[in-house]
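I have placed the structure first, in the form of structure tokens, so that the comments after it can refer back to it.
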There are 2 protein chains.
Amino acid sequence: MAGKTGGIMADDLRIFLRLWAGDRKFGPGKVELLERIGQEGSISAAGRAMGMSYKRAWGLVEEMNAMFATPLVESLRGGPGGGGARLTETGAEAARQFRLLEARLAEAGAAPLAVLAALMSGNMSGGK
Amino acid sequence: MAGKTGGIMADDLRIFLRLWAGDRKFGPGKVELLERIGQEGSISAAGRAMGMSYKRAWGLVEEMNAMFATPLVESLRGGPGGGGARLTETGAEAARQFRLLEARLAEAGAAPLAVLAALMSGNMSGGK
DNA sequence: GGGCGTTATGTTCAGGCAAACATATCACCG
DNA sequence: CGGTGATATGTTTGCCTGAACATAACGCCC
């Protein structure tokens, strides 16, 4: 996959896909966090794995939960291991659909993306 | 088309497409600036139309010129009207290809985008 | 019941980035 | 030849975000 910031890659040209709903953003960072929460079962572990503080990770989770009709992450305070978090069905679906969107873009946009990459690298084949 | 910030729109869900080449970014803002420079024939006029200072507009132009193999904007200091700027062939092509990329995404990504919009608005039709 | 790990939240501080302000240069034009 | 409008660039200021630090609540487990 792409670099630490996520995204689709073609040559050294990366595409960033970000969804806006009002002032709320939903992009590759939040999606990766979602996926890691699903794997790790913990917000703090997911945040650590991505090199961010728990506070920041939790803030992102709160934002996501607020921008969707149904929470994407369910969390539990106290309990075995001190607590934990897991993806809801909506959370898993949101991440899945975002990745699908990225995949669709990668295939449908390959041609114009290649032209742009060529314009940047100076290696233009198709001309105008 | 989308609001003042640009992007593709579906319901109140907007898609932002941004290209990264190293630390240089190329997104809807720069593309709109390019297009307006092409129309207005002036960096300052284009910047004014987008509500940004000349300095900022010029800085964006400089970035763009630096990230492509060939400059996207040619500028002239002094002369009739005090000077001006115009798009190079590369500049026009870059803007065109970016818009094409957006269009391809809009059609190819309609389905996952609709699902995400439904998950946000609470109006889910296709179920799980 | 005390320790532990996690969720949950407030507060403070510093760095970065954009806005505002300020100049300098250039070439036409009256 | 001075005024004008646009390019080109430097400097400063203010805000906003993220980082760091701090604390509380909670429920298992030993």
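In what follows, chains carry the letters A, B, and so on, assigned in the order in which the sequence lines appear, proteins first and then strands, with residues in each chain numbered from 1.
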Nearest-Å distance, CG (A:L76) to C1' (C:dA8)? 13 Å
Regarding the side chain of B:R56, the nearest nucleotide among C:dA19, C:dT9, D:dA8 is C:dA19
Dump the intermediate steps for salt bridge (Lys or Arg N to Asp or Glu O under 4.0 Å) on B:E35 and B:R99, then the final yes or no. CA-CA 11 Å; B:E35 292 167 340; B:R99 292 304 186 193; 2.8 Å; yes
Is a donor from one side chain sitting under 3.5 angstrom from an acceptor on the other, for B:E93 and B:Q97? yes
Atom-to-atom span, CD1 of B:I43 to P of C:dT25 - whole angstrom: 19 Å
Can you check the A:Y54 OH to D:dA19 P distance for me, whole Å? 16 Å
Length of the line joining A:I37:CD1 and C:dT7:C1', which is rounded to integer Å: 12 Å
Just verifying a value: how many Å separate B:L72 CG and B:N65 CG, rounded to the nearest 0.5 Å? 5.5 Å
Of the candidates C:dT6, C:dT9, D:dT9, the side chain of A:K55 sits closest to C:dT9
For B:S53, which contact category applies under a 4.0 Å heavy-atom criterion: base, sugar-phosphate, or nothing? nothing
Per-nucleotide protein contact string for nucleotides 23-29 of chain D, where B marks a base within reach and S marks sugar-phosphate only (heavy atoms under 4.0 Å, - for neither): --BBBS-
Check: B:S75 side chain, B:A85 main-chain N or O, donor-acceptor pair, under 3.5 Å: no
For B:R48 and B:E62, find the nucleotide of DNA chain D closest to each by heavy atoms; which residue's nucleotide sits nearer the 5' end? B:R48
Tell me if the centroids of the rings in A:F68 and A:F26 come within less than 6.0 Å of each other. yes
For A:P28 and A:L17 the tightest heavy-atom approach is CD-O, 3.1 Å
Side-chain N or O of A:S44 versus OP1/OP2 of C:dG5: is the shortest distance under 4.0 Å? no
How many whole angstroms separate atom CD of B:E40 from atom C1' of D:dA6? 13 Å
Taken to the nearest whole Å, CG/A:N65 to C1'/C:dT7 is 13 Å
Rounding to a whole Å, what distance do you find between B:E63:CD and C:dA18:C1'? 12 Å
Short side-chain N/O contact to D:dA8 OP1/OP2 from B:W58, under 4.0 Å: yes
Look at the side-chain N and O atoms of B:S75 and state whether any lies under 4.0 Å from the OP1 or OP2 oxygen of D:dA8. yes
Taking every heavy atom of A:L116 against every heavy atom of B:A94, the minimum-distance pair comes out as CD2-O, 3.7 Å
